[in-house]
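Remarks on the structure that follows.
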Amino acid sequence: MDLTSRLRAIVNSGPPKAVRELTYEPDDGYRNAAALDGDYVASALGGRRVANRFGECLVIDRRYESDRWHGGVQIGDCTIDDLDSLRILDPNLGRSAGLQACLEPDAHRAGLQPCLEPVTRRAGLEPCPRTIFIDLETTGLSGGAGMVAFLVGCGYFDLGAFQVRQFLLTSHAGERALLAAVAEFFEGADLFVTYNGKTFDVPVMETRWLFHRMEMPSIGGEGGVPHFDMLHPARRLWKHDESGCRLSTLERTLFDVVRVGDVPGMEIPARFYGFVRSGDPRPLEPVLEHNRIDLVSLAAVTARGMRMAREGHDGCRDCAEALALGRILERAEHFTRAEACYRFAAQSSASQVRADALYRLAVRLRRDRRFDAAADTWRELIEFTEPKSMRRGQLNDFRQIAVEALAIYREHRAKDLAGARELALAALDEAPGKTGSVRHRLARLDRKLARKNDANLFL
């Protein structure tokens, strides 16, 4: 059909038909789902139905007593009782009104939720606030307004035991009820602990609260409840481990935790959608257990990092951990303790760890203006990397830095011009691609030696 015929057909078709306006039909949550028996679901999952003005959600409570083992660690050893050590791991976890409140008498906090453990006071340590551990299970990982947190897992210590409370979404219509219940539970907390929560968990929850135009707790930031994300300290402490820093990996390498029948993370959204469609809650039980283990492991890993920050190299498993801890302590300006960690790590049988520790120890000594001790450490690093088999990769870089630093020391501090020239010649032979600065140093040393020899002629 040509253009003329198409236009004629449009004109002869008469007035346009009325278009029905789109109307919004609220989703009751069951349009594509089976009818849900709330009492049966609560009984099958060992939970209870909790109602508020927005509807109802399911709450599941589990308790892990202090003498229970989680791999190679007991639950009672996972308590968070030293806020100063957490500040070493995350210097941004500064003081706030929420943290200061935990130091005040219990009578001032009488209105706070009784489910949270009171402040632990230990001699010589700043007591740690009431802490809630958070882990979410969501309908996806891509983010956006369509992703829903259908399971909000929360853990806290109560009289030495670890109490887990999980808020489960039984239908999309109940999301506002779940969000309101979670917000109410968060009241009275002074510290939130997550694993990758700054990037994922907290933004997801904030998005859902904003989506429903609900009042939400202030987590992190200025004036908010402090938020400690253990992922970043874990990467600094254990990134040397080739197995990675996933929470499931750390629980296995640090505590020998072996999960039996654990559901893979990629299957979790499908299990929730299957529950919504069928009304059968049994596929969700492994998801709930997966979330509970994550929370217990989060508490254990956080407590492990806290003890390492408090005890120094005595709390480390090996020299690699001591080296990583030394970097964290130096970043937090605990220089004496960082030096002790470097000295401990310098005894490692692993060449990479020992060379790195010697390098950082020498730099630390030089910054403290202990030049003689720094020179001894540079010399030890050079002797350690003397075999040609050691002169590769980062080990060779450490050696070149040590040779240059020792040459500078001999030239400017020890006034050993001949020794400095010998080191410069060695650097020239070992690093032919970086000859500019070395040749400049050689020329300066030759001039100084010539002047010194000329002066000796007139003596």
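Nearest heavy-atom pair, Thr377 versus Leu358, reported as atom, atom and distance to 0.1 Å: CG2-O, 3.3 Å. The shortest non-hydrogen separation linking Pro226 to Leu93 is CB-CD1, 3.6 Å. Pairing each heavy atom of Asp229 with each of Asn196, the nearest pair is OD1-N, 2.7 Å. Between Met308 and Cys316 the shortest heavy-atom distance is CE-SG, 3.9 Å. Minimum interatomic distance between Leu250 and Gly244 (heavy atoms only, all atoms of both residues): CD2-O, 4.2 Å. When all heavy atoms of Gly197 and Pro203 are compared, the pair lying nearest together is O-CD, 3.3 Å.
In this structure, Asp318 contributes its side chain and Glu321 its backbone to a donor-acceptor pair below 3.5 Å. A distance-only check finds no donor-acceptor pair linking the side chain of Thr79 to the backbone of Asp81 [under 3.5 Å]. A side-chain donor-acceptor contact under 3.5 Å links Arg271 to the backbone of Pro283. A side-chain donor-acceptor contact under 3.5 Å links Asn291 to the backbone of Asp135. A donor-acceptor pair under 3.5 Å is absent between the side-chain atoms of Arg63 and the main chain of Gln163, judged by distance alone. Side-chain N or O atoms of Thr302 include one that pairs as donor or acceptor with a backbone N or O of Leu298 at under 3.5 Å. Counting only distance, with no hydrogens or angles, the side chain of Arg304 and the backbone of Phe255 share no donor-acceptor pair below 3.5 Å. A donor-acceptor contact shorter than 3.5 Å is absent between the side chain of Asp280 and the backbone of Phe275. The backbone N or O of Leu179 lies less than 3.5 Å from a partner atom in the side chain of Trp209, making a donor-acceptor pair. When atom types are taken as modelled, the side chain of Arg354 and the backbone of Ser349 share no donor-acceptor pair closer than 3.5 angstrom.
When Leu169, Thr138, Thr207, Leu178 are each tested for a side-chain contact (heavy atoms from CB on, under 4.5 Å) with Val148, only one passes: Leu169.
Between Arg370 and Glu339, at least one side-chain nitrogen of the basic residue sits less than 4.0 Å from a carboxylate oxygen of the acidic one, meeting the salt-bridge criterion. Salt-bridge check for Glu184 with Arg53: failed, with every basic side-chain N at 4.0 Å or more from each acidic carboxylate O.
Around atom CZ of Arg259, more than 12 heavy atoms belonging to other residues, nucleotides or ligands sit under 6.0 Å away. By the 6.0 Å contact criterion, CG on Leu141 is open, its count of non-hydrogen atoms from other residues, nucleotides or ligands being 12 or less. The environment of Arg317 atom CZ is dense: over 12 non-hydrogen atoms of other residues, nucleotides or ligands sit within 6.0 angstrom. For Arg282, the CZ atom sits in a loose shell: 12 or fewer heavy atoms of surrounding residues, nucleotides or ligands are nearer than 6.0 Å.
In this pair, Phe150 and Phe272 present their aromatic rings parallel. The plane angle is below 30°, not in the 30 to 60° band.
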(request) Kindly determine whether Arg364 and Asp368 satisfy salt bridge (charged side-chain N to carboxylate O under 4.0 Å, His left out), including the steps that lead there. (result) CA-CA 6 Å; Arg364 181 70 261 150; Asp368 290 341; 3.2 Å; yes

(request) For Glu56 and Asn52, run side chain to side chain contact (heavy atoms under 4.5 Å, CB included): C-alpha distance rounded to whole Å, both residues' side-chain angles, the deciding distance at 0.1 Å, then the answer. (result) CA-CA 6 Å; Glu56 71 172 33; Asn52 53 40; over 6 Å; no

(message) Set out, in order, the CA-CA distance, both residues' side-chain angles and the distance that settles side chain to side chain contact (heavy atoms under 4.5 Å, CB included) for Leu323 and Arg360, then state yes or no.
(response) CA-CA 9 Å; Leu323 175 61; Arg360 294 183 181 277; 4.0 Å; yes

(message) Between Arg48 and Asp61, does the salt bridge (charged side-chain N to carboxylate O under 4.0 Å, His left out) criterion hold? Intermediate values first, please.
(response) CA-CA 9 Å; Arg48 53 190 172 85; Asp61 288 317; 3.4 Å; yes

(request) List the steps and the verdict of side chain to side chain contact (heavy atoms under 4.5 Å, CB included) for Leu288 and Arg62. (result) CA-CA 10 Å; Leu288 296 172; Arg62 293 292 185 274; over 6 Å; no

(request) Show your reasoning for whether salt bridge (charged side-chain N to carboxylate O under 4.0 Å, His left out) applies to Asp314 and Arg307. (result) CA-CA 10 Å; Asp314 291 334; Arg307 283 195 299 273; over 6 Å; no

(request) In sequence, state the C-alpha distance, the side-chain angles, and the governing distance for Asp397 and Arg391, and then conclude on salt bridge (charged side-chain N to carboxylate O under 4.0 Å, His left out). (result) CA-CA 8 Å; Asp397 294 338; Arg391 303 180 191 179; over 6 Å; no

(message) Before you tell me yes or no, could you show the steps for Gln74 and Arg68 under side chain to side chain contact (heavy atoms under 4.5 Å, CB included), namely the whole-Å CA-CA distance, both residues' side-chain angles and the distance that decides it to 0.1 Å?
(response) CA-CA 6 Å; Gln74 281 190 307; Arg68 180 169 176 172; over 6 Å; no

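Residues Phe162 and Ser66 fail the side-chain proximity criterion, which asks for heavy atoms closer than 4.5 Å. Using a 4.5 Å heavy-atom threshold, the side chains of Val403 and Ile382 count as touching. For the pair Arg176 and Arg208, the minimum side-chain heavy-atom distance is 4.5 Å or more. A 4.5 Å side-chain heavy-atom check between Asp82 and Leu86 finds every atom pair outside the cut-off. Using a 4.5 Å heavy-atom cutoff, the side chains of Ser351 and Leu395 are in contact. Looking at heavy atoms from C-beta onward, His232 lies in side-chain contact with Arg236 at the 4.5 angstrom threshold. In this structure, the side chains of Val193 and Ile80 stay at 4.5 Å or more apart for every pair of heavy atoms. Residues Arg252 and Val257 are not in side-chain contact: their nearest non-hydrogen atoms beyond the backbone lie 4.5 Å or more apart.
Among residue pairs with one or both ends in residues 310-349, those qualifying as ring pair (Phe, Tyr, Trp, His ring centres under 6.0 Å) are His313-Phe344; sequence neighbours excluded. Applying the ring pair (Phe, Tyr, Trp, His ring centres under 6.0 Å) test to pairs two or more places apart or on separate chains, none has a residue in residues 43-67.
Atom CZ of Arg343 is separated from atom CG of Leu365 by 5.5 Å, given to the nearest 0.5 angstrom. To the nearest 0.5 Å, atom CG of residue Leu231 and atom NZ of residue Lys198 are 10.5 Å apart.
Checked against ring-ring contact (aromatic ring centres under 6.0 Å, His included), Tyr195 has no partners two or more places apart in sequence or in another chain. Contacts of Phe398 classified as ring-ring contact (aromatic ring centres under 6.0 Å, His included), with partners at least two apart in sequence or in another chain: Tyr359. Residues satisfying the ring-ring contact (aromatic ring centres under 6.0 Å, His included) test with Phe228, not counting sequence neighbours, are none.
Checked against the 6.0 Å centroid threshold, Phe192 and Phe133 do not count as a close aromatic pair.
A cation-pi arrangement, defined by a distance under 6.0 Å to the six-membered ring centre and an angle within 45 degrees of its axis, is absent between Arg165 and Phe185.
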Review item, side-chain donor-acceptor pairs of residues 36-45, under 3.5 Å, at least two apart:
| residue | atom | partner | partner atom | Å |
| --- | --- | --- | --- | --- |
| Asp37 | OD1 | Asp39 | N | 3.3 |
| Asp37 | OD1 | Tyr40 | N | 3.4 |
| Asp39 | OD1 | Arg49 | NH1 | 2.7 |

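Residues Thr385 and Arg399 bring a donor and an acceptor atom of their side chains to less than 3.5 Å of each other.
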